[in-house]
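Quick caveat, the model's predicted, so the values are computed rather than measured.
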Amino acid sequence: MTGRHDDAPPEHGGGLSHDLPVLARRKMIRLMAGASLVPVVGCTAEEKTSAPSSSSAGCAEIPEETAGPYPGDGSNGVNVLKESGVVRGDITRSFGDSAGGTADGVSLTITLTVVDAASGCGTPKRGAAVYLWHCDREGAYSLYSEGVTDENYLRGVQETDDKGRVTFRSVFPGCYPGRWPHVHFEVYGSLADATAATSITNTSQLAFPRDVCDAVYATDGYGASVRNLSGLSLEDDGIFRDGHDRQLATMTGGTGRGYTAALTVPV
């Protein structure tokens with residue numbers, strides 16, 4: 001797929017000076033909607049587990065982050081959440097009246113477990129919903145980036161099950177200039193709220209460990225990501241530099257069979 005960001009990072013061409021107004025606008029939308037802002041396993045050499053370091057943060061809520069300028073939830077132009085077919089587990093393909101393309105890359109399964117922070121993270125949030133999206137292998141965001149404005153792949157909604165879990169089948173995102181590799185997500189109180197694009201309860205981002213990024217970007221198709229990642233670190237990233245322990249995914253798998261990224265999301 002085409003769609004590069006040669007002149008500036010697609011999400012931070014204006015740095016946080018761009019993202020913070022977007023976040024402020026989204027918070028206002030939530031208030032107007034009446035919502036409260038509540039602060040692949042294997043055994044070969046290439047298949048290993050990468051887990052975040054332990055944290056004493058306990059059961060604090062997932063950090064609130066900007067959704068960036070390409071959310072696709074109606075807060076910045078196009079709204080994919082109201083389209084039939086957005087509730088799905090496999091987000092690798094475009095759906096509906098789109099161009100029908102498929103995102104290529106190393107296979108990635110993303111599992112988020114949404115739990116109630118007030119209960120000490122012991123109570124799953126059954127019946128909540130998660131909208132998840134990220135860039136493709138080339139660093140392009142469907143619906144927005146040049147060359148993929150008529151695609152809507154790598155976006156989808158799932159309802160949490162009895163254990164508070166949602167699972168998305170995707171591909172590992174590329175690294176574009178100025179941002180650490182990441183995935184965006186929004187949590188809603190219900191599936192009905194998500195598909196109506198109203199009453200977001202939490203907006204955050206998931207980060208990937210460095211060793212996994214290095215392994216993925218050494219495979220075919222991720223050449224630009226190798227260059228873009230070389231000058232970046234989690235500690236210097238404009239979003240994650242204030243702390244990333246609670247947003248760093250636990251990874252299993254490898255480039256051959258694909259990876260699984262897991263994250264607990266207290267809300």
*asked:* Q205 and side chain to side chain contact (heavy atoms under 4.5 Å, CB included): which single residue from E64, H244, H184 fits?
replied: H184
*Pairs touching residues 90-132 that satisfy ring pair (Phe, Tyr, Trp, His ring centres under 6.0 Å), sequence neighbours left out*: Y131-W133
*For F208, enumerate each residue passing the ring-ring contact (aromatic ring centres under 6.0 Å, His included) test, keeping only those at least two apart in sequence or located in another chain.*
F172
*Only counting residues at least two apart or in another chain, list the ones meeting side-chain hydrogen bond (donor to acceptor under 3.5 Å, both in side chains) with E159.*
none
*Can you sort out the partners of D150 under side-chain hydrogen bond (donor to acceptor under 3.5 Å, both in side chains), two or more places apart, ordered by chain and number?*
none
Applying side chain to side chain contact (heavy atoms under 4.5 Å, CB included), can you list everything that pairs with [X], at least two apart in sequence or on another chain?
X    : answer
P63  : E65, R246, Q247
S225 : C175, Y217, Y222
V78  : L143, Y144
A128 : K125, T160

[X] side chain near [Y] side chain, heavy-atom distance below 4.5 Å:
X    : Y    : value
V187 : S204 : no
N202 : V114 : no
I200 : Y188 : yes

*Among residues two or more places apart or on two chains, list those pairs meeting salt bridge (Lys or Arg N to Asp or Glu O under 4.0 Å) that have a residue in residues 77-100.*
none
*If you look only at pairs with a residue in residues 218-240, which of them pass as a salt bridge (Lys or Arg N to Asp or Glu O under 4.0 Å), with sequence neighbours excluded?*
R179-D237
*Calculate, to the nearest 0.5 Å, the distance between atoms SG and CG belonging to C213 and L229 respectively.*
5.5 Å
*What's the spacing between N79 CG and D73 CG if we round to 0.5 Å?*
6.5 Å
Under 3.5 Å donor-acceptor, [X] side chain and [Y] backbone:
X    : Y    : answer
D116 : T123 : no
E151 : G101 : yes
T203 : A67  : no
R155 : S94  : no

Indicate every side-chain donor-acceptor pair of residues 163-170 with a distance under 3.5 Å to a residue at least two apart or in another chain.
from, atom 1, to, atom 2, distance (Å)
T167, OG1, T111, OG1, 3.3
S170, OG, H134, NE2, 2.6

